[in-house]
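Comments concern the structure below.
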Amino acid sequence: EYANYFSRQKNTNIRLTLPVVCFVWQIAMIILFGVFIRYDEESDTHWVETKAHDNITSDIENDFYFRYPSFQDVHVMIFVGFGFLMTFLKRYSFGAVGFNFLVASFGLQWALLMQGWFHSLDPQTGKIFIGVESLINADFCVAGCLIAYGAVLGKVSPVQLLVMTLFGVTLFAVEEYIILNLLHARDAGGSMVIHTFGGYYGLTISWVLYRPNLNQSKRMQGSVYHSDIFAMIGTLFLWMFWPSFNSAITDHGDGQHRAAINTYLCLASTVLTTVAISSLSQKTGKLDMVHIQNSTLAGGVALGTAAEFMISPYGALIVGFFCGIISTMGYIFISPFLEKTLKIQDTCGIHNLHAMPGVIGGIVGAITAAAASESVYGKQGLINTFDFTGDFKDRTVLTQGGYQAAGMCVSIVFGVVGGAIVGSILRLPIWGDPADENCFDDEVYWEVSAVHNTTTGWCHCL
Amino acid sequence: EYANYFSRQKNTNIRLTLPVVCFVWQIAMIILFGVFIRYDEESDTHWVETKAHDNITSDIENDFYFRYPSFQDVHVMIFVGFGFLMTFLKRYSFGAVGFNFLVASFGLQWALLMQGWFHSLDPQTGKIFIGVESLINADFCVAGCLIAYGAVLGKVSPVQLLVMTLFGVTLFAVEEYIILNLLHARDAGGSMVIHTFGGYYGLTISWVLYRPNLNQSKRMQGSVYHSDIFAMIGTLFLWMFWPSFNSAITDHGDGQHRAAINTYLCLASTVLTTVAISSLSQKTGKLDMVHIQNSTLAGGVALGTAAEFMISPYGALIVGFFCGIISTMGYIFISPFLEKTLKIQDTCGIHNLHAMPGVIGGIVGAITAAAASESVYGKQGLINTFDFTGDFKDRTVLTQGGYQAAGMCVSIVFGVVGGAIVGSILRLPIWGDPADENCFDDEVYWEVSAVHNTTTGWCHCL
Amino acid sequence: EYANYFSRQKNTNIRLTLPVVCFVWQIAMIILFGVFIRYDEESDTHWVETKAHDNITSDIENDFYFRYPSFQDVHVMIFVGFGFLMTFLKRYSFGAVGFNFLVASFGLQWALLMQGWFHSLDPQTGKIFIGVESLINADFCVAGCLIAYGAVLGKVSPVQLLVMTLFGVTLFAVEEYIILNLLHARDAGGSMVIHTFGGYYGLTISWVLYRPNLNQSKRMQGSVYHSDIFAMIGTLFLWMFWPSFNSAITDHGDGQHRAAINTYLCLASTVLTTVAISSLSQKTGKLDMVHIQNSTLAGGVALGTAAEFMISPYGALIVGFFCGIISTMGYIFISPFLEKTLKIQDTCGIHNLHAMPGVIGGIVGAITAAAASESVYGKQGLINTFDFTGDFKDRTVLTQGGYQAAGMCVSIVFGVVGGAIVGSILRLPIWGDPADENCFDDEVYWEVSAVHNTTTGWCHCL
C-alpha cells in the first residue's frame, strides 16, 4: 500500500529505465574506450624505452609520483566529500551518497573521452593517451556535475541525474576547451570551469524544474542531529583536501607547492568569518550547522583560479575573509530570495557555495593576473605561471587578465544556457521523478530496512 | 540479570582468555622481533653510506617516497575500509570496527615475521630487514584474515578471531610463498593470494561453525538507516583507495601508474552494473544498500592480478562490467543457496565480494598473461612486467598463464583445507563464542552505554 | 522558554563576543601576514632560478614532494582525528567537531606567525618564509591546543577556546624554541613539545575552572551507541596516520622511513595491551569503548620523540606494550582519582592519552638518545640523527640525553604555569561559558534542528 501511495501522482518505477541506461551507457563506454583510449607513455610498459630515450635517470620522475597523492585526495573529495556533504537531510542520505557514487562513476568515464577528444586527441593515431593527470581532470569534470546535483538533491530520479551528467560532462569539456585552450585562461582549481559552470548549470536546471508545491514534503526537509554530523565528514574532507584540489594539476615544483599553501591559508580565514556571520545571524549568537558545513568551503572555491599565482599569503587570507562573509550571508539572505522571487529551489545552497564564490574566484584570478609583474614573478617565473609560450608568447599580463574575465563569462553562459536546455529535457514525464510530497525521501528509490512510524514520527532504531 | 540471560547456554566470559592471549602473543611478538626484525638499508641510519656506495644522488630515491602514499591508502582500507564496511548491522558496529582493529593490529605483526621468514630472511645474518614495502605486505596479509572475518561476523568471540588470524596469517605466508616464489605467478593486488584465499578460508570456517538455530537472533540481523551510512564510509574508502591497493607493490614507474589507472576504470564500471542489477531485482526498481555497499567493490578484487598487466583501459572496464553483474547476482541468488543448501552462513556475503571475484581475477590474470606479447609490451617491458629474470628468464607467456592458473588453485586449496582445520579448532567449547540468540549483539562483548528498550524496540538516544 | 532556562544563571549569549573576536583576530592575521609572511624559495616562482643556481636537476627535489603526503595525513588528524574523537558525547558532537574546526583554523594562522618569529625570521629581510614544512609545524602547534580542548570539552564557550588557543600557540612557540633550539633536543613527533605541553596546559586550565556541581549535567555526560561509532572515525584516522605525524618533519630519506616504521609497530602493540587491560577491568571481560577509542593511541604519543632514533623494531613494540597498559589503567584508576582528589575534571581523559604518554615519550627519548652509539648509527648517521653540527658538533650522546630530559621538564613547566595563568583569565565572567547544568549540551551554542523530548528522553529522529 505504501508503493501505491508513492505512485498516486507520479510513476517512480525505474526498474526499466535505470538498468537500461546503466547497461547501454556502460557498454557504449567500453566500445568507445576500445576505439580511443590507450595508456600514455608514462603508464605503458614502453616507459623503460621512453626513459632511455629521454635520458630520465629515475622512475621517480614519472608523473605518477608528482600527482598521485593529490589525485587520491581529489578522489576522496569527489566520493566522500561531495557524497557526505549532501547527507545532511534527515532521510535522504542513501540518495546523497549513493547517487553521488553512481553519477561520479559514470561521469568520470565519459569525461575521459570528452576531455580526451577536446584536449589530447593524438592527430596521428586518433587515440587518447591517458595518465594520472587525465584521471584528475576526469574527477574535476565530475565535480561540476556533482555541484549541480546539490541544487536538485532530493527532487530528481537517478535516471535524471545520469542524463544531467551526460550533458553536463559534454558541456564541461566544450567550455573547458574554450576557456583553457582558445582563450588560454588559467584555471587550475576550476573557479570558473568547475564551480561557476557547475553552479549555474545546477541552478538553471532547478529553476526549470521548479516545484510550486514542494512544501508538501516539508517534514522531510532539514536535518537531524546525526545527519548533520555525517555531513561534517563531507565538509571536513573537502576542506582538508582542497589544497590538493587546487594544486593537483598546477606546474611541477613551485606551482603545486604555492597553490597548496595559498588554499590552506585561504580556507582557514574563511572558517573564522563564517563563524562570525553565522553567530551574528542568530538572536543569542548560536551557530547554524548549515553555514559551518558549507560556507567554510567557499574560500577554496574562490581561490581555484588564483591559487597558483603569486597572490601572496595575506592575499589568500583576504580572499578567504570575504568569501566566508559573502557565502554565509548568501545562506541567510540570498537563498530565501532566490526561492521566493526567482523560483530557484536550491537544496544545498550551491549558489552560496559554488556559483557566487566561483564568480569571485574568476574576478580574483583576472585581477591577480592583470597585476602580475616580472619584478614579483621573475622573468621565467612569469612565463611559466601563465604559460606565455608558443602562440601566446607575446601576451601581456593585462591581456591575460582580460581573457581570464572573458573565460568567466563563458562559464556562466554555458551553465545557464546548458542548464536551460538540459532542464527542459528533464521535464519530460519519462524519468521517474518523485511527486512533490515524496521529495527528499529515500523510500522512493531505496529499500529502506528500518521501519519508521510515520504517524508518531519516532524512528525505530532497533 | 541480563548477564545471566547471556550465559544461559554458553559462557561468553572472556575475562581470562582474551587478556591472556593478548599479553602472551604480544610478548611473543616482542621476543621474535628482537631476534629477527631489523631496519632495512633504506630505513637505517646507514642509508647515508648506502647512498654514497650505490651512487644514489637524492634522498627522493628512497623507496619510502615511491610507496608511502600508497601504503597509507592501504592502511586506511584495512582499518577504516574493512572496519566500517562491517558496521552495517544494527547492533554490531562496535564489534565490527573494534575487533577489526584488534585483529589487524595483531595480524600485521605476525605477518611481518611470517612473510619475513618466507620471503626475505637474510641467509647470512638470519635477520629479516623491513621497510615500507614490508608494511604494505603485512597489511595485505591482514586483509586476507579480515575478509574471513566478514563470513563469521557477529557469530564468534574476539578470542576466536585472534586464533583465526594466527593461523590465517601463517597459511597466507605459505600459500603466498608457493604462488609468488615457487610458481612465480604475478599477483600484485592479491586476487588469488588475498581474496580467493581469504574468501574460502572464511567460508569454510563458517561452514564448520554452522549454527542451525541462527534465526533466533534474527531481530539483530539486518541494518538500520544510520548503520547503513556508516557502512558506506567503509565502502567508499575501499573503493577510492583500491587503485592504491593494486598498485602499492607493483614495479616503480609505469607499473604503479598503470595498475592505478586500470583499477580506477574497472571500479567505475562495476558501479554501473551493480546499480543496474540491484534495480532489476526489486519490483519497482528500488536499490538495495547491501549491493551498493559490497558489489561495487568486486571490480577491484577481480583486477588484483591483472592490474599491472597491459590489460588496456577497455579491458579493465569489461572486467568491472561483469564483476558488478556477477557479484550482485551472487547476493540475490547464490547467498541464499549457500545458506540453505550448503549450510554456509556468510554474514557479509564475502563469497560475492571476495571469493568469486577473486577467482575471476585469477582467471583474468592467467588469460591476460598468456595473451601477452612483445609487440604490446615491448621486449624489456615484457621481461619487467612478468619478471622473466634469473631462473625464469626463459619462461614463455603461455607457461606463465599456466602457472597463474595453478596459483589460483593453490589459493583455493589453502583456503578450504586451512579453513576446515582452523574451523575445527574453533569449535572447541573454550573460546567464549555467543549463543545463537545472542549473535550479532554487541552487548555480549562490549559495555554498551545506551539503554535500549528491548520490549518496545525503540532505542534510547539521549 | 528554553533560552531563558539556559540563561538562568549564566549569560551564554556570544552574539557580540564571538563575531568580534573572529573578525578582529582575522583582520590582525591579515595585517601581520602582509608585513611578515612570504613564500619560501621552493614555493616562489623564482624556484626556477633557485634550481639553476643550486644545480637541482628535477622538480621532484622540491620539499613539497618529500612532505606533502605526510602533511595531508597530519591535516586529517587535526581536523577529522581530533574533531571526531571528541564526538563521543551523546549531545556535544557539534561542539566537538565544530569548535575543533574553528580553533584549529585560527590557531594555524597564529602558529605560522609565532613559529616564524621564533624559528625562521630572516634577519636581513625581517620576513618569515613559509613552505610545506611550515604548514606541518603550524598543524603540530595547533595539536597542542586541541589536546588541551579535550580536558575542557563541553564546559567552555567557543570564545574561551579561542583565547586558550591564542595563548596556547604563543606558549607553544616559546617552549618549542627553548627545547628544540636552545637545548637542541630532538622531538620530531612532539612527545614533549606537543603532547606533554598540551596535556598539562589543558589539565591545569581544567583545574582552575573546576566546577563542583558538574554532576548537574550528568545526564549529558557519556555516550550513545552512534556517537561512539563517530568517535571511532576519529580514533582510526589518528591511529592510521600517526606514522605520518611522527615522520612528517624528520630527516629526508631514512629519517622519515624509520619514524614511520617505528610508529606503525608501536601502535599495533598498544592495541593489544589496551584490549587486554580493558577486558580485565570488567566482570565478564567486556570491552569499554572509552579505552579502545583513546588508549590505543598512547603508543603514538610515546614514540613522538624516539620515532626517528634507532630504537629498533622490538623497542618500538615494547614502548607500545607498556603505553597500552598504563593509559588504560589511567582511565580506570587515575582519572577518578584526579577528579575526586585533585579536582581536575578531564572530559576526554587527556591525562591518560597525552600527558602521561607524553612524559613517557620524553623519558624514552632521553634514554634512547643517551644509549645511541656510533656502532649502531654509523658515524655520519649519528651526526645526522641528532644534528650534531655547528655549535653542537662536540655534544656527546650522554649530554644529549640530559638535554632531552631537560626539554621534558620545560614542557611540563610551560604547561602547568601557562595553564594556571590562562585558566585565571578564562575565569573572568565575560566569556559566555555555560552553567553547570548546561554543560555538554550543544543547544547552548548551536541551533539544533531535531526536537528531542527531554521528559521521556527519546530522541526524535524523523
Side-chain angles (χ1 to χ4, degrees), chain B residues 3 12-16 18-19 22-23 25-26 29-30 33-34 37-39 42-49 58-60 62 64-65 68-69 72 75-76 79-80 83 87 93-94 97-98 101-102 105-106 108-109 130-132 135 226 230 233 445-450 458-462, chain C residues 60-61 65-66 69 73 90-91 222-226 228-229 232-233 236-237 239-241 244 252-254 256-258 260-261 264-265 268-269 271-273 275-277 279-280 282-289 292 296 310 313-314 317-318 321 377-378 380-382 384-385 452 457-459:
Chain B
T12 59
N13 189 328
I14 49 171
R15 199 185 176 188
L16 183 67
L18 183 59
C22 286
F23 273 127
W25 292 10
Q26 186 57 55
M29 289 301 115
I30 291 172
F33 268 61
I37 307 268
R38 299 291 179 270
Y39 305 118
E42 299 191 275
S43 56
D44 188 288
T45 44
H46 291 85
W47 162 248
V48 61
E49 294 155 27
S58 165
D59 279 325
I60 198 91
N62 193 301
F64 182 78
Y65 302 103
Y68 190 71
Q72 273 297 358
H75 215 39
V76 171
F79 289 89
V80 163
T87 59
S93 303
F94 289 7
V97 79
F101 194 15
L102 171 64
S105 297
F106 165 70
L108 62 87
Q109 298 178 56
I130 62 168
V132 65
L135 308 192
H226 280 164
F230 278 118
I233 297 175
Y445 303 115
W446 295 86
E447 289 292 315
V448 179
S449 50
W458 297 107
C459 83
H460 193 181
C461 297
L462 188 64
Chain C
I60 198 91
E61 304 265 349
Y65 302 103
F66 286 91
D73 293 350
K90 65 183 74 165
R91 209 69 186 177
S223 62
V224 286
Y225 196 72
H226 280 165
D228 269 325
I229 306 170
M232 279 305 291
I233 295 175
L236 287 177
F237 275 102
W239 193 92
M240 296 181 302
F241 288 166
S244 301
H252 288 178
D254 64 289
Q256 290 194 278
H257 204 152
R258 187 170 54 254
I261 294 172
Y264 170 90
L265 292 173
S269 174
V271 174
L272 270 88
T273 52
V275 167
I277 299 293
S279 176
L280 267 179
Q282 299 284 345
K283 230 172 43 182
T284 59
K286 292 189 188 186
L287 299 174
D288 187 329
M289 260 292 173
I292 307 301
T296 51
M310 292 286 283
Y314 76 91
L317 290 183
I318 291 173
F321 185 90
Y377 284 73
Q380 190 60 40
L382 195 69
N384 290 350
T385 305
H452 64 95
W458 297 108
C459 84

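Letters go in sequence order (proteins before strands), and every chain restarts at 1. Because only heavy atoms are used, hydrogens play no part in the values below, and waters and symmetry mates are left out as well, while side chains stay in. Predicted model only: the values in this text are computed from it and were never measured.
- When each of C:D228, C:D288, C:I292 is tested with B:W446 by the rule side chain to side chain contact (heavy atoms under 4.5 Å, CB included), just one qualifies, namely C:I292.
- Contact count versus chain B (heavy atoms, under 4.5 Å) is highest, among C:H226, C:M240, C:Q256, C:M289, for C:M240.
- When C:M310, C:K283, C:E61, C:M232 are compared by the number of non-hydrogen pairs under 4.5 Å with chain B, C:M310 comes out ahead.
- Contact annotation for B:F23: both backbone and side-chain heavy atoms come within less than 4.5 Å of a heavy atom of chain C.
- The candidate from B:T87, B:V97, B:L108, B:L16 with the greatest count of non-hydrogen atom pairs under 4.5 Å with chain C is B:L108.
- Only the side chain of B:Q109 comes within less than 4.5 Å of a heavy atom in chain C; its backbone stays farther off.
- Formation of a donor-acceptor pair under 3.5 Å by the B:Y39 side chain with backbone atoms of B:T45 is not found in this model.
- Scanning for ring pair (Phe, Tyr, Trp, His ring centres under 6.0 Å) contacts around C:H252 gives C:F66, with sequence neighbours left out.
- In this structure, the side chain of B:R15 does not engage the main chain of C:T284 through any donor-acceptor pair within 3.5 Å.
- Between C:Y264 and B:I130, every side-chain heavy-atom pair lies at or beyond the 4.5 Å cut-off.
- Contact count versus chain B (heavy atoms, under 4.5 Å) is highest, among C:I60, C:N384, C:L280, C:I261, for C:L280.
- Counted by atom type alone, B:Q72 and C:S244 present one or more donor-acceptor pairs between their side chains at under 3.5 Å.
- Contact of B:N62 with chain C is made through the side chain alone, with heavy-atom distances under 4.5 Å.
- Contact of B:I233 with chain C is made through the side chain alone, with heavy-atom distances under 4.5 Å.
- Heavy atoms of C:L382 lying under 4.5 Å from chain B are absent altogether.
- When atom types are taken as modelled, the side chain of C:S279 and the backbone of C:G285 share a donor-acceptor pair closer than 3.5 angstrom.
- In terms of heavy-atom pairs under 4.5 Å with chain C, the best-connected choice from B:G131, B:C22, B:G83 is B:C22.
- Comparing B:M29, B:H46, B:E49 by how many heavy-atom pairs each has under 4.5 Å with chain C, the most go to B:H46.
- Both the backbone and the side chain of C:S269 come within contact range of chain B, with heavy atoms under 4.5 Å apart.
- In this structure a side-chain-to-backbone donor-acceptor pair under 3.5 Å is missing from B:H75 to C:F241.
- Taking chain C as the reference chain and counting heavy-atom pairs below 4.5 Å, the highest number among B:F106, B:F230, B:Y445 is found for B:F230.
- The candidate from C:T273, C:I277, C:L287, C:T296 with the greatest count of non-hydrogen atom pairs under 4.5 Å with chain B is C:L287.
- For B:S105, the side-chain contact (heavy atoms from CB on, under 4.5 Å) partners at least two apart in sequence or on another chain are B:F79, B:F101, C:W239, C:A268, C:V271, C:L272.
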